[in-house]
Each structure stands twice: as structure tokens, then as C-alpha cells.
Amino acid sequence: MDKELQHECFSRPSFAHLNDLASNGVGGKIVFATDDWFAVAENLLKPSDPEWHEGVFTSFGKWMDGWETRRKRIPGHDWCVIKLGIPGVIKGLHVDTAFFTGNFPPRVSVQGAYVEEGLAMLHTERKSEMGTNAPANLIEELDKLTGAWSEILPMTALRPGYSSTRHNYFAVNNQQRWTHLRLNLYPDGGIARLRVYGTAVKDWTHVALQKLPVDLTAMVNGGTAEGWSNMHYGHPRNLIAPGTAANMGDGWETARRMDRPSILEQGKDGCLNLPGCEWSVIQLGHPGTVQKVVKNIICRKT
Ligand SMILES: NC(=O)NC(NC(N)=O)C(=O)[O-]
């Protein structure tokens with residue numbers, strides 16, 4: 001493990017092991033952004049770590065892996081609206097300013113809303129194109145919906161995107177269920193990633209009536225990874241994420257054990273003599289009776 005990753009792992013707050021409810025890997029989406037000049041807001045929700053490509057420029061400026069707005073020369077501040085892939089209760093935020101050193105926003109705030117499907121307010125057409133900005137009348141119209149938003153993180157100072165300062169973690173103490181977030185940059189600038197850690201909250205009343213089997217471990221049903229022996233290459237929460245893994249990186253993968261014997265021997269029972277095993281603990285979204293266990297080892301060939 002490199003030094004920076006090692007430091008990050010030890011200083012990471014416990015909420016950062018919960019599920020990222022906003023990641024595009026679980027269906028999170030940007031529904032609106034005031035400005036996408038240097039880099040589009042969709043980058044905020046990428047599950048991958050931010051990258052730096054030395055010497056790479058677009059026709060608008062330096063290529064950046066994050067959401068970066070232009071230097072503002074009109075009144076106001078920049079903001080975007082995120083539809084969570086998994087609506088739920090938020091326990092903490094990670095604002096990663098990686099590589100935004102001279103262009104990160106000095107302050108941010110985050111607001112939340114619970115919006116039932118079909119409500120018109122956030123159903124705007126999104127272009128998502130570098131070098132563009134939203135029309136002033138649309139910004140003004142959406143900005144009027146202040147009543148919909150509740151404060152999750154008040155206006156808070158950020159640290160720059162150097163390796164020792166890029167990870168801005170904020171605990172959230174709030175039991176409400178959210179479907180949408182509004183991320184405010186004060187006044188403008190760039191952020192590499194926004195991770196929104198929490199737990200899905202499901203209405204189980206109808207599930208019980210349908211009497212159909214349901215995946216009690218699934219993230220969307222409130223499952224969380226609570227413990228593990230090792231997660232060197234992949235977090236065990238990947239086991240309970242929606243959809244199919246795109247590659248091996250989308251799974252739970254441990255390091256090879258350092259205490260394995262130099263030469264493997266077979267025991268009398270026909271099994272290999274190996275010390276211990278790896279394990280992970282998943283908290284179910286709801287208590288239930290297990291009828292079937294499905295193990296998907298797609299992408300794992302050995
Ligand atoms: N060198 C820069 O990053 N400049 C500008 N940003 C980009 N991405 O080019 C800026 O004005 O913040």
C-alpha cells in the first residue's frame with residue numbers, strides 16, 4: 001500500500017465504510033448544475049479515485065477529473081443538484097478536492113430534499129457539456145425552490161487538493177431520509193468527488209404483503225458491510241451493490257494471506273491444510289428467514 005493510501009485508511013472516519021448513496025455505480029445522477037465550464041458535474045459521482053493527467057488541456061483549460069466551474073464574474077454562487085441512486089439516511093460526507101489546489105472552492109454547503117417521484121421541480125433537461133452553463137432564467141427559477149431544501153452541512157471551509165489535505169470528511173447527525181442533495185460552492189471552483197455515506201431506508205410494508213423472496217443484504221434494502229478480515233483490493237460493500245460487477249475491481253477482494261504455507265499440503269480429508277479464512281459481516285436491511293444464498297463470482301476466474 002502506498003504511503004498516502006495507508007494514511008487515508010487510518011484517518012478515515014467509520015462512516016466512510018457505509019454505502020455511497022450518490023455514486024453513479026448505484027444510479028446517482030446530476031440533474032442540474034449552474035456551470036460546467038472546465039469539467040462537468042457528473043465527475044463528482046464517479047466511483048473511481050480522481051486522476052491527474054499532467055500536461056493535458058481541453059479547449060477550455062486544464063483537464064480536471066472533477067466538477068469545475070468558471071471563475072465567476074456575475075452575482076451568486078455555483079451549485080448543482082444530485083439525485084441519490086439510493087435514497088436514504090446520510091451519516092457523513094467526503095468532499096475530495098484532489099488535485100484542485102489553486103482552484104478549489106474556499107467553502108461549500110450541502111442541502112437535502114425528499115422529493116416524491118413525479119414532482120416537477122427537478123425534472124429539467126440536463127446537457128452535461130464542458131464549456132457550458134445553465135441559462136440565467138432556469139437558475140433563477142430553480143433557486144426559488146428554497147423551501148424544498150434543508151441544511152445538511154452548513155457553509156464550511158474546505159482544504160486544498162494536496163495529498164495531505166484533500167480528504168474533507170464531515171459527519172452528519174440527522175435521521176431524515178433524502179432523495180436529492182444540493183451542493184453549493186462558494187463562490188465557484190472545483191471538487192474532485194462527493195461521496196455521500198449512509199444507509200437506504202426501505203418501506204417494508206408492501207414487501208411483506210407480496211410474500212416474494214427479497215435480498216435482505218442488498219444496499220437498496222438497507223444492507224451494510226459492518227466488518228471484514230481484509231479488504232486490500234475491494235470493499236465488501238461491493239458484494240451488496242446493485243447490478244452486475246463490470247470487472248474484478250467491483251467485487252470484495254482480500255490480499256493473499258502472508259501466513260499461508262510455503263508448500264501447500266493436502267490433509268487426510270482431501271482438503272488443503274490452510275490457516276483460517278477470510279470473512280466479512282453484512283448487516284441485513286431487515287430480519288428474515290434465509291431461503292436461498294446466491295454467490296456471484298463473475299470476473300473471478302481463479
Ligand atoms: N490552471 C488552472 O487550473 N486554471 C483554471 N482551471 C482549469 N481547469 O484550467 C482556473 O482558472 O481555475
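In each ligand, atom 1 is the first atom listed, and ligand 1 is the first ligand listed. Any value given below was found using the heavy atoms of this structure, including those in side chains, with hydrogens, waters and symmetry copies removed.
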If you define the side chain from C-beta out and look only at heavy atoms, does anything of Val214 sit under 4.5 Å from Trp204?
yes

Pair Phe38 and Trp63, ring centroids less than 6.0 Å apart
no

Can you pull out every salt bridge (Lys or Arg N to Asp or Glu O under 4.0 Å) where at least one residue sits in residues 85-103? Sequence neighbours excluded, please.
Asp96-Arg166

Do His232 and Trp252 make the cut of ring centroids closer than 6.0 angstrom?
no

List, for ligand 1, each N/O atom that has a protein N/O partner under 3.5 Å away, with both atom names and the distance.
{"unit_1": "ligand 1", "atom_1": "3 (O)", "unit_2": "Asn103", "atom_2": "ND2", "d": "3.2"}
{"unit_1": "ligand 1", "atom_1": "6 (N)", "unit_2": "Glu68", "atom_2": "OE2", "d": "2.9"}
{"unit_1": "ligand 1", "atom_1": "8 (N)", "unit_2": "Lys62", "atom_2": "O", "d": "3.0"}
{"unit_1": "ligand 1", "atom_1": "8 (N)", "unit_2": "Glu68", "atom_2": "OE1", "d": "2.8"}
{"unit_1": "ligand 1", "atom_1": "8 (N)", "unit_2": "Glu68", "atom_2": "OE2", "d": "3.4"}
{"unit_1": "ligand 1", "atom_1": "9 (O)", "unit_2": "Lys62", "atom_2": "N", "d": "2.7"}
{"unit_1": "ligand 1", "atom_1": "11 (O)", "unit_2": "Arg71", "atom_2": "NE", "d": "2.5"}
{"unit_1": "ligand 1", "atom_1": "11 (O)", "unit_2": "Arg71", "atom_2": "NH2", "d": "2.9"}
{"unit_1": "ligand 1", "atom_1": "12 (O)", "unit_2": "Glu68", "atom_2": "OE2", "d": "3.2"}

Any chance you could pull the hydrophobic cluster mates of Met155, using side-chain heavy atoms under 4.5 angstrom and chaining through other members?
Tyr186

Enumerate, atom names and distances included, each donor-acceptor pair closer than 3.5 Å involving a side-chain atom of residues 263-285, sequence neighbours excluded.
{"unit_1": "Gln266", "atom_1": "NE2", "unit_2": "Gly270", "atom_2": "O", "d": "2.8"}
{"unit_1": "Asp269", "atom_1": "OD1", "unit_2": "Cys271", "atom_2": "N", "d": "3.0"}
{"unit_1": "Glu278", "atom_1": "OE1", "unit_2": "Ser229", "atom_2": "OG", "d": "2.6"}

